[in-house]
Amino acid sequence: MARETEVKYEEEFVLNSRGMKLLASRWLPVNETPKALVFLCHGYAMECSITMNSTATRIAKAGFAVYGLDYEGHGKSDGLLGLVMNFDSVIDDCSHYFTIISEKPENKKKMRYLLGESMGGAVALLLHRKKPEYWDGAILVAPMCKIADEIKPNPMVVSVLSALSKVIPTWKLVPTEDIIDVAFKVPEVREQIRENQYCYKGKPRLRTGYELLRISTEIEQRVHEVSLPFMVMHGEEDKVTDISVSKQLYEEASSSDKVLKLYPGMWHGLLYGEPSENLKIVFSDIIGWLEERSRYGNTRIERELKEHNEVLVKS
């Protein structure tokens, strides 16, 4: 049986362009060179250091270096818990930090992948749109390309709340059912999330709700622009994000390398909300996808080396 890699966890605070301290977490394989870099994009109201620790540890044990960033208003980062005033700022923060890690001398020749869960799937897709040639692939777990009709307010309520969000952005007035109860199948996981002081449990704040609706609508309308290699994963019993849009993403994306994985009987929380036998299936697919693409060789690195050599020849 293969020896399991030991994992070292570290964290630090980094400053964003607005002077806010954001928690940066990393899980590194001990005494071995990482096969590639994996960047976590956590879900709405969640965070990296506790909620996504099990996910990151599983991937790091398979030999990958894993990095995560708590968005503003999330986890241990600065900002009013549960408040995102502008989703574009979240993308800028992640892009800036992930690029710093990727451009370190020891990492420049490593492949770099995004792993986004739920709202983090939207973050991953928007990071790809910001720098279309930069990322080598993405794993999109129940991505928030559209908010499921079961939890979305009716159009008249949406219209009123959108207007109010500009006046009273921090108010908790968005009428939704308790997402924890419909997202995570295992009762113990629901309790862990409820007991985690860094996870936001209140009703969505007006401005956050508006921003989530805005970017998910935008992504749904532009899925054909997705061009990087990706695997999209969705539980067939998901009541939080819309499985039909994951299918649409798979069908309409311009990517030549794309995989769709649907899981009968599974809910929204595929990474840590399912029984252990289901988690084994999900992570076998994730690690298998990462290892297969990491073995192929890196066309992005080959392209960059070619461009660099062409510059040298011309000079």
Side-chain angles (χ1 to χ4, degrees), residues 22-23 25 38-56 58-59 66-77 79 81-84 87 90-91 93-94 98 114-127 138-148 150-152 174 176-186 189-190 192-194 196-205 208-209 211-216 219 231-235 237-243 245-246 249 263 266-274 279 282-283 286:
L22 307 179
L23 182 81
S25 302
V38 178
F39 295 93
L40 299 180
C41 304
H42 66 75
Y44 163 71
M46 298 292 131
E47 46 77 53
C48 288
S49 65
I50 301 170
T51 316
M52 296 204 75
N53 178 60
S54 60
T55 296
R58 285 174 186 262
I59 296 171
V66 184
Y67 298 85
L69 189 72
D70 289 3
Y71 318 137
E72 70 166 82
H74 284 76
K76 299 176 185 177
S77 291
L81 200 61
L83 177 63
V84 174
F87 213 83
V90 170
I91 304 307
D93 292 345
C94 290
F98 293 169
L114 300 164
L115 191 160
E117 176 201 34
S118 192
M119 184 184 88
V123 172
L125 289 172
L126 292 171
L127 285 168
I139 297 169
L140 307 169
V141 184
M144 194 192 70
C145 302
K146 178 182 177 181
I147 298 172
E150 288 93 333
I151 66 167
K152 185 165 69 175
V174 180
T176 63
E177 62 179 302
D178 189 335
I179 290 179
I180 294 174
D181 281 339
V182 298
F184 305 102
K185 184 185 294 181
V186 176
V189 172
R190 294 181 210 159
Q192 288 167 10
I193 291 171
R194 288 198 172 96
N196 183 347
Q197 63 177 308
Y198 301 109
C199 291
Y200 177 69
K201 269 79 72 174
K203 290 186 179 298
R205 299 183 188 277
T208 308
E211 285 293 297
L212 295 184
L213 194 59
R214 175 179 72 83
I215 61 104
S216 60
I219 290 172
M231 176 169 64
V232 59
M233 317 172 79
H234 221 117
E237 300 300 319
D238 191 329
K239 291 183 171 61
V240 178
T241 57
D242 197 322
I243 193 172
V245 186
S246 282
L249 171 63
Y263 299 93
M266 295 197 202
W267 291 17
H268 180 68
L270 292 177
L271 297 179
Y272 43 86
E274 290 286 325
L279 294 179
V282 168
F283 280 97
I286 289 173

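What you see below is based on every heavy atom in this structure, not just the backbone, and it leaves out hydrogens, waters and symmetry mates. Starting from 1, each residue takes its place in the sequence as its number.
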[X]: which residues meet the side-chain hydrogen bond (donor to acceptor under 3.5 Å, both in side chains) condition with it, sequence neighbours left out?
X	answer
Y263	D285
Y272	E117
H234	D238, T241, S246
S25	Y9

message = Holding to salt bridge (charged side-chain N to carboxylate O under 4.0 Å, His left out), I want the full list of residues that pass it with D93, two or more places apart in sequence or in another chain.
response = R18
key: For E211, all residues meeting salt bridge (charged side-chain N to carboxylate O under 4.0 Å, His left out), sequence neighbours excluded   = R207, R214
key: Which residues share a ring-ring contact (aromatic ring centres under 6.0 Å, His included) with H268, sequence neighbours left out   =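 Partners of H268 by the ring-ring contact (aromatic ring centres under 6.0 Å, His included) criterion come out as none, since no residue qualifies.
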ring-ring contact (aromatic ring centres under 6.0 Å, His included) involving F39 - partner list, sequence neighbours excluded =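 If we apply the ring-ring contact (aromatic ring centres under 6.0 Å, His included) test to F39, skipping adjacent residues, the hits are Y67, F98, W135.
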Applying side-chain contact (heavy atoms from CB on, under 4.5 Å), name anything that partners [X], two or more places apart in sequence or on another chain.
X	value
L81	Y200
N53	W27, T57
R58	L279, F283

query = Should the pair D181-R194 be classified as a salt bridge under the 4.0 Å nitrogen-to-oxygen rule?
reply = yes
Nearest heavy atoms of L127 and I91, plus distance in Å = CD2-O, 3.6 Å
ask   = Closest heavy-atom contact between G82 and T208?
value =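 Scanning both residues completely, I find the closest heavy atoms to be O-OG1, 2.7 Å.
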Nearest 0.5 angstrom please: [X] [atom1] to [Y] [atom2], how far?
X	Y	atom1	atom2	answer
I215	L126	CD1	CG	5.5 Å
M52	L40	CE	CG	5.0 Å
I179	I193	CD1	CD1	11.5 Å
L115	L271	CG	CG	6.0 Å
I139	C41	CD1	SG	11.0 Å
Y71	S77	OH	OG	10.5 Å

